[in-house]
Structure formats: structure tokens, C-alpha cells
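Because the structure is a prediction, the values reported are computed rather than measured. Numbers restart at 1 for each chain; the letters A, B, ... are given by sequence-line order, proteins then strands.
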Protein chains: 2
Amino acid sequence: MEPRWLSADEMTAWVRLVAVVELLPGVLDGQLRRDAGLTHFDYFVLAMLSEAPRRTLRMTELATRTNATLPRLSHVVRRLEERGLVERRPCPSDGRATNARLTDDGWATVRATAPGHVATVREHVLDALTPEQVGQLAEIAGALLGRLDPDGRLAAVYGTAAPGR
Amino acid sequence: MEPRWLSADEMTAWVRLVAVVELLPGVLDGQLRRDAGLTHFDYFVLAMLSEAPRRTLRMTELATRTNATLPRLSHVVRRLEERGLVERRPCPSDGRATNARLTDDGWATVRATAPGHVATVREHVLDALTPEQVGQLAEIAGALLGRLDPDGRLAAVYGTAAPGR
DNA sequence: CCGAGTCACTTGTACCTACAAGTGACACCC
DNA sequence: GGGTGTCACTTGTAGGTACAAGTGACTCGG
């Protein structure tokens, strides 16, 4: 089988996108690790909790929102718990479930870390684009998510409605 | 310090971009791992070699093109060498350097793997976009790379874009 | 109830990556 | 032409992620 190859325009877009996907995590991880001793995934976990009602989420829900497997999340939350940023309690209404809650220390950490993180995002991404391009990027990324996340598992995070479903 | 926060449009674009960056590597890795037993980074290393003259590159050059640290590349190439896909030889002109060359087996592996990889890229990325959006994506990603890769270390890959193969 | 099946999570093992230290090889300079 | 410093890599060790198996808790048919 021989699928149609990529045109020059497609190749350019694809190769650059791959480069971005390769470089961006390192930039984010580096800044957060230096400034707060957190990996980007750690920060994302804390951020998801900070936006949840009562700063609490069930492990399963937290796993889908962070696109993590349950074992991975379990390990990460255990480490965050050892640092006092998160606490786990058995869910009163379902004995199988565990609720993860952001502690006051964790909340303070998020508030202290967010400005530097936002500054990094501005510096390396948003400020490089025109307002028009920001809109185009939202459209394009939305379209990609329709393919990358057809079940909408992350839809609760990235907002409303991929057009694909 | 309080940097200006993100506008609603910026937040949408950013959150979606993060989701893409989070999901895309998993999709690429999964397909390549299932079909060829290669990680996306492995494949990228082989692809870079396959496009180089005489299918040979010095380790340092290969590291910059793949955005890898030298230790990481050293481990990966050792494993690829154990599988017979790559071979290493001391550089005759500089005793410090090592040349990595794609073997015939490695070349065959790349040729056998590329179509499935391209199909995945089409399915999950390019076919989700209009031709106009493909152009916009190239522009946007190019702008981001100006910030993410200011020294142009990866420019040899995404810049000239060598659409030949 | 009671047993099979599923769910929600935890633990254990293997792999991969990052960081730090070590080994030759080259370059320069007096 | 030794001494110093840098370069190009390799090796060793620690930390994080993925996959597989295990443990209680719920559900539902009989």
C-alpha cells in the first residue's frame, strides 16, 4: 500500500509542528522545575484541582482531565501528597473511589507559580503571534483535537465542543 | 510581580495547544511502537540519518537535529546498533568524533515504516485541516520556533524543509 | 445472600531519560 | 613539547513513566 505522500506545504507545516511539539514541553518543564520544583505534569494536576469545586476531584476524573493513566496519576499524587500539596481521602459515597484535594499549601504553591508560568507562555508562544494568528491557532488546534481526542476525554479542559462530535 | 493575565481568546488557544502537545506524542509513539517496535524518537533518528549524505552523520550533529542531549542519543544509538539498524565507526578525520550510519536493515526499516507513519499523520493532523489552515499552521509554528529555538539548532530540519523525501 | 464480574485504585517491575562524572583526542601557547 | 583547556563522546546512577498483576468495593443474577 502506498498512501499519497505529503505536498511541500504539508511537509513544511508538519515538520515545524513536530519541532514545536518536541521543544515546547522542555521549555515549560524547565521553567517550572527551576522555579517551583514541579514538573509540568505536576503543575497541571495542581491546576486542575485548583479549578475544581472545593478543590477536589476523584482520581479517575483527574486522570482523564490530565490525560494520564491511573497508575501514573497514583504515583504522582503520592509524591505530591508526601510534599503536603495534595491530600487523599476515601470517597464517602463510594468506597472504591478516592478523592484528591488541594491543600492550602498546594493552593499557595499554585498561586505563587502561576505568574511565572504565564510569563513563560507569553514569552515563548502568545507574544510571538498576531491576534489574528491566536484565533487561527485556536481553530486549528480545535480541529486537531477532534481527531486526537475523538471521545472528548479532555473536552472538560480545553472547553466547548470539538466540531467533530 | 503580576504579569498581565491571558485574554479569553488567548486562553482558548493556549489550552488547546497544550492539549495537542500532550496528545500528539502518544498517538505517534503508539502507532510506531505497535507497527515497528520503534519509539517516535527512534524513528526520527533513523529518518534523519536516511536523509543525510551517505546515510551518515556525526553524533553531535545528529543530537542537535533530533534535539537530544548527547548522553540520550548515545544510549538510543547503542540500542539501535544492537538491533542492527545503525552502526558506529570512529571518524577517520577526527579521532574524537563518531559517525553513525544507517545500515541496509535500518534503511529497509525506514522504508517499510514510513507509509504507515505518514498515514497516521494524515489521519490525525493534516486531513483535519483545510489547505488554508495548513499554510497558517506553517506560519504559526514558524513564529513559535523563532522563540523556542532562537539559536536555530533545529533549523537544519525545519528550515530548508527538503521536501525531496 | 452468594458468587461472578466489573470498577477504582495501588503496588511492583522494566524501560527510558536526565544529570554527573569519567576517558581519550585535539588545540593552543609559551 | 609538556601543560592546560576544550571537545566528543561513553558510562553510571537516580527519577519518572508504562505495563501487568493484585486488592478491596460495588453490582447484579440466581
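Atom CD in A:E22 sits about 10 Å away from atom P in C:dT17, given to the nearest Å. Distance, A:E61 CD to C:dA8 P: 11 Å, rounded to whole Å. In this structure, CG of A:D29 is placed 10 Å from P of C:dA18, rounded to the nearest angstrom. B:M59 has its CE atom 10 Å from the P atom of D:dT11, to the nearest Å. Rounded to whole Å, atom C1' of D:dT10 lies 14 Å from atom CD of B:E82. Rounded to a whole Å, the CG atom of A:N99 is 12 Å from the C1' atom of C:dA8. Atom CG of A:L70 and atom P of C:dT6 are 18 Å apart (whole Å).
Within the 3.5 Å criterion, the main-chain N or O of B:L62 finds a donor-acceptor partner in the side chain of B:T66. At distances below 3.5 Å, not a single donor-acceptor pair connects side-chain atoms of B:T98 with backbone N or O atoms of B:P90. Of the possible polar contacts, none joining the B:T109 side chain to the B:W107 backbone as a donor-acceptor pair under 3.5 Å is found.
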Subject >> Nucleic acid footprint by protein, nucleotides 23-29 of chain D - heavy-atom cut-off 4.0 Å, B for base, S for sugar-phosphate alone >> reply: -BBS---

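In A:E132, the CD atom is not crowded: 12 or fewer heavy atoms of neighbouring residues, nucleotides or ligands sit closer than 6.0 Å. Within 6.0 Å of CZ in A:R78 there are more than 12 heavy atoms belonging to other residues, nucleotides or ligands.
With A:F41 as the aromatic partner, A:R72 meets the cation-pi criteria of under 6.0 angstrom to the ring centre and within 45 degrees of the ring axis.
Nearest heavy atoms, A:E87 versus A:T103: N-CG2, 3.9 Å. For A:L49 against A:R101, the heavy-atom pair with the smallest separation is CD1-C, 4.5 Å.
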Pairs under 3.5 angstrom, nitrogen or oxygen only, protein versus nucleotides 12-20 of chain D, please.
from: D:dG12; atom 1: O6; to: B:H75; atom 2: NE2; distance (Å): 3.3
from: D:dT17; atom 1: OP1; to: A:R72; atom 2: NH2; distance (Å): 3.3

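Between D:dT10, C:dT10, D:dA8, one nucleotide has an atom nearer to the side chain of B:R58 than all others, and that is D:dA8.
Judged as a salt bridge (Lys or Arg N to Asp or Glu O under 4.0 Å), and not counting sequence neighbours, the contacts of B:R88 are B:E81.
Between A:T98 and C:dA8 there is no side-chain polar atom (N or O) within less than 4.0 angstrom of OP1 or OP2.
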